[in-house]
J.: 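Submitted below is the structure of interest, expressed as structure tokens.
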Amino acid sequence: MIKITAETVQSLARKHFALVQQTRHHLHAHPELSFEEVNTSAYIASVLKQHGIPFQQGIVDTGIVALVHGKNPDKKTVALRGDLDALPIEEKSTAAYASQNKGAMHACGHDVHASCLLGAAIVLHELRNEFEGTVKFIFQPGEEKLPGGASLMIKAGVLENPAPASIYAQHVFPSLPAGKVGFRSGMYMASTDELYVKVKGKGGHAAMPADYINPILVTARILSELDRMFMRDKTFNSTVPTVLAFGRIEGYGATNVIPDEVNVQGTFRTFDETWRAEAHRHLVSNAERIAAEMNATCVFDVQHGYPFLVNDETVTAAARTAAENYLGKENVVTLDMRMTAEDFAFFSQHLPACFYRLGTASPDGRFTAGVHTNVFDIDEAALETGTGLLAWIALQGLSE
């Protein structure tokens, strides 16, 4: 039976706050894109080594797995996960720790996730003689890029030797003030697929419409019709929440030049696997039909992405109770389902999982810019909350 108190963990989170903050500043200033986190991995490994925490490096090239063994380490294992990669965004910030790597930014808070996970490892390593079991710390690359570092680490055996009974992760949430967290049991986040569409027509001089087939007009009709079918009229499905959106179009013509082809990129998200597969067929067949009606061709490539994320009800309820005991019930909220996606979903498909949100806004209204924006930042009081709560949840998971 674990006798460690919340006050003990809170005290250690405060003790190690400066190190966690320093780690976050370093990672934020030196972001690396998905599956390129070489220096990020090396920095985390150096801190683990400094604190005498055993780890294995080089999993999926830049991933790390660290272990903190308590007494009777084989009794039970729980896992905590944090991601490492940044986004291809040019940061717009005056912070001293702003990105020094042009075209890369920790705009989704993975620097926070990794720093808090490292802090939790240090806290639990300090408490290792006071609890039973083992905590596995997964520092994961490539969350932002298919096929997702989680899927690759699972294939590499990260959920074995020792096999965790449950897994937990947190994610920054600028909609909540620092010091608060949010949970949701059951279905929480959508599946996500990447869409790559190539529409081929016949280029030519814009002044001679009889001589060309304008792929821009064909593309416009395809996108408009698919939006009507999936988002407005819900022609094929009216019950399962769904998002179809296109965010990039490349035509490469000119004012008087009609290009031969147009390339489009988009995303499809939903919460039901049967509907997901059916929707893929509707997307492809209707895009091809519309193009053919306009004497063009369309190649519609659906790249199957992350599954939907399900929070195990028992594990999540226990984690929420742990959070209420650690932070107070008034600082724990219930989350709505989200159409955003996370490759932590792969873990949730393999073992009981809980993915919760860490508030990062300031009480005075600062730090509310959304993730994936070039001005995203956090109230760093969240680092202390995130470090301590991860450690506390792991301890409660071992005691169940």
Side-chain angles (χ1 to χ4, degrees), residues 2 4-14 16-17 20 78-83 108-110 112-113 115-117 119-120 123-124 127 131 135 165-189 309-340 342 344-345 347-348 352-368 370-371 378-400:
I2 293 172
I4 300 168
T5 66
E7 289 74 19
T8 296
V9 175
Q10 290 163 352
S11 176
L12 289 173
R14 285 193 297 272
H16 296 292
F17 172 78
V20 174
V78 299
L80 304 177
R81 172 270 205 174
D83 34 19
C108 200
H110 296 187
V112 177
H113 307 161
S115 301
C116 289
L117 184 62
V123 168
L124 291 173
L127 294 171
F131 67 85
V135 183
S166 55
I167 187 168
Y168 309 83
Q170 61 186 1
H171 196 293
V172 296
F173 200 49
S175 299
L176 274 180
K180 292 182 179 288
V181 293
F183 290 82
R184 183 178 186 86
S185 292
M187 188 76 74
Y188 177 44
M189 299 178 74
L309 192 156
V310 179
N311 279 329
D312 180 84
E313 294 194 1
T314 300
V315 165
T316 302
R320 178 173 184 145
T321 298
E324 291 174 347
N325 292 336
Y326 188 82
L327 298 172
K329 285 188 177 183
E330 69 279 8
N331 291 314
V332 181
V333 304
T334 299
L335 301 168
D336 294 326
M337 290 173 63
R338 293 173 61 86
M339 297 306 299
T340 52
E342 239 284 350
F344 185 79
F347 290 117
S348 82
C354 174
F355 186 81
Y356 66 92
R357 296 285 170 167
L358 175 70
T360 55
S362 285
D364 61 9
R366 293 179 300 143
F367 305 116
T368 56
V371 297
I378 71 161
D379 183 327
E380 290 191 315
L383 295 173
E384 185 177 319
T385 302
T387 296
L389 184 57
L390 269 179
W392 181 249
I393 286 175
L395 290 170
Q396 301 314 301
L398 288 175
S399 68
E400 293 165 4

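All values below come from the heavy atoms of this structure, side chains included, with hydrogens, waters and symmetry mates left out.
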J.: For residues Ile378 and Val112, determine if any side-chain heavy atom of one lies less than 4.5 Å from a side-chain heavy atom of the other.
T.: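 Yes, their side chains come closer than 4.5 Å.
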J.: Run His16 and Val123 through side-chain contact (heavy atoms from CB on, under 4.5 Å) and show every step you take.
T.: CA-CA 8 Å; His16 296 292; Val123 168; 4.1 Å; yes
J.: So, do Asn325 and Thr321 sit near enough that their side-chain heavy atoms are less than 4.5 Å apart?
T.: yes
J.: If you compare all heavy atoms of Cys354 against all heavy atoms of Val315, which two are closest, and at what distance to 0.1 Å?
T.: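 Minimum heavy-atom contact is CB-CG1, 4.0 Å.
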J.: Mind listing the closest non-hydrogen atom pair of Ala361 and Thr368 along with its distance?
T.: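 For Ala361 versus Thr368, the nearest heavy atoms are CB-CG2, 3.9 Å.
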J.: Please step through side-chain contact (heavy atoms from CB on, under 4.5 Å) for the pair Leu398 and Phe131, ending with a clear verdict.
T.: CA-CA 8 Å; Leu398 288 175; Phe131 67 85; 3.6 Å; yes
J.: Suppose we screen for side chain to side chain contact (heavy atoms under 4.5 Å, CB included). Which residues come up paired with Ala6, at least two apart in sequence or across chains?
T.: Gln10, Tyr326, Trp392
J.: Check whether any side-chain heavy atom of Cys116 lies under 4.5 Å from a side-chain heavy atom of Leu383, and answer yes or no.
T.: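 With C-beta onward as the side chain, the pair touches.
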J.: Which residues pass the salt bridge (charged side-chain N to carboxylate O under 4.0 Å, His left out) test with Glu324, sequence neighbours left out?
T.: Arg320
J.: Testing the 3.5 Å rule here: is there a donor-acceptor pair between the side chains of Thr8 and Ser11?
T.: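 No, no side-chain donor-acceptor pair sits under 3.5 Å.
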J.: Would you call Val135 and Leu124 a side-chain contact if the rule is heavy atoms closer than 4.5 Å?
T.: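 The answer is yes; the side chains approach within 4.5 Å.
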J.: Are Tyr356 and Thr316 side-chain neighbours, meaning at least one heavy-atom pair lies under 4.5 Å?
T.: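 Sidechains of Thr316 and Tyr356: no contact.
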J.: Could you work out, with salt bridge (charged side-chain N to carboxylate O under 4.0 Å, His left out) as the rule, every residue matching Glu384, not counting sequence neighbours?
T.: none
J.: Roughly how far apart are Phe17 CZ and Ser115 OG, rounded to 0.5 Å?
T.: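 Here the rounded value is 10.5 Å.
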J.: How many angstroms lie between atom CG of Leu390 and atom NE2 of His113, to the nearest 0.5 angstrom?
T.: 9.5 Å
J.: Which pairs would a plain distance check flag for residues 171-180, meaning a side-chain donor or acceptor within less than 3.5 Å of a matching protein atom at least two apart in sequence or in another chain?
T.:
from: His171; atom 1: ND1; to: Arg357; atom 2: NH1; distance (Å): 3.2
from: Lys180; atom 1: NZ; to: Glu330; atom 2: O; distance (Å): 2.9
from: Lys180; atom 1: NZ; to: Asn331; atom 2: OD1; distance (Å): 3.2

J.: Let's go through Asp379 and Thr360 carefully: what are the C-alpha distance in whole Å and the side-chain angles of both, what is the deciding distance for side-chain contact (heavy atoms from CB on, under 4.5 Å) to 0.1 Å, and is it a yes or a no?
T.: CA-CA 5 Å; Asp379 183 327; Thr360 55; 5.8 Å; no
J.: Between Arg81 and Asp83, is there a side-chain N and carboxylate O pair less than 4.0 Å apart?
T.: yes
J.: List the atom of Ala382, the atom of Gly359, and the distance in Å for their closest heavy-atom pair.
T.: CB-O, 3.3 Å
J.: Looking only at heavy atoms, which two atoms of Ile393 and Ala322 are closest? And how far apart?
T.: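 Nearest pair, atom of Ile393 first, then Ala322: CG1-CB, 4.2 Å.
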J.: For a side-chain contact (heavy atoms from CB on, under 4.5 Å) check, start with the C-alpha distance between Val9 and Leu395, then their side-chain angles and the critical distance, and finish with the verdict.
T.: CA-CA 10 Å; Val9 175; Leu395 290 170; 3.9 Å; yes
J.: About how many Å separate NE2 of His110 and CG of Leu117, when rounded to the nearest 0.5 Å?
T.: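 Between Leu117 CG and His110 NE2, I get 13.0 Å after rounding to 0.5 Å.
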J.: As an exercise, state the distance from CG of Asn311 to OG of Ser348, rounded to the nearest 0.5 Å.
T.: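 It is 7.5 Å, given to the nearest 0.5 Å.
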J.: Let me confirm one number: the CD-CD1 distance from Gln396 to Ile4, rounded to the nearest 0.5 Å.
T.: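 The CD atom of Gln396 sits 9.0 Å away from the CD1 atom of Ile4.
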J.: Mind checking salt bridge (charged side-chain N to carboxylate O under 4.0 Å, His left out) for Asp364 and listing every partner two or more places apart, or none if nothing turns up?
T.: Arg366
J.: Go through the structure and list residues passing side chain to side chain contact (heavy atoms under 4.5 Å, CB included) with Glu313, not counting sequence neighbours.
T.: Ser185
J.: For a quick test of reading the model, state the closest non-hydrogen atom pair linking Leu335 to Arg184 and the distance between them.
T.: O-NH1, 2.7 Å
J.: Closest approach of Val78 and Gly397, non-hydrogen atoms and distance?
T.: CG1-C, 3.9 Å
J.: With ring pair (Phe, Tyr, Trp, His ring centres under 6.0 Å) as the test, pick out the partner of Phe344 among Tyr188, Tyr168, Phe355.
T.: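 Of the listed options, the one satisfying the test is Phe355.
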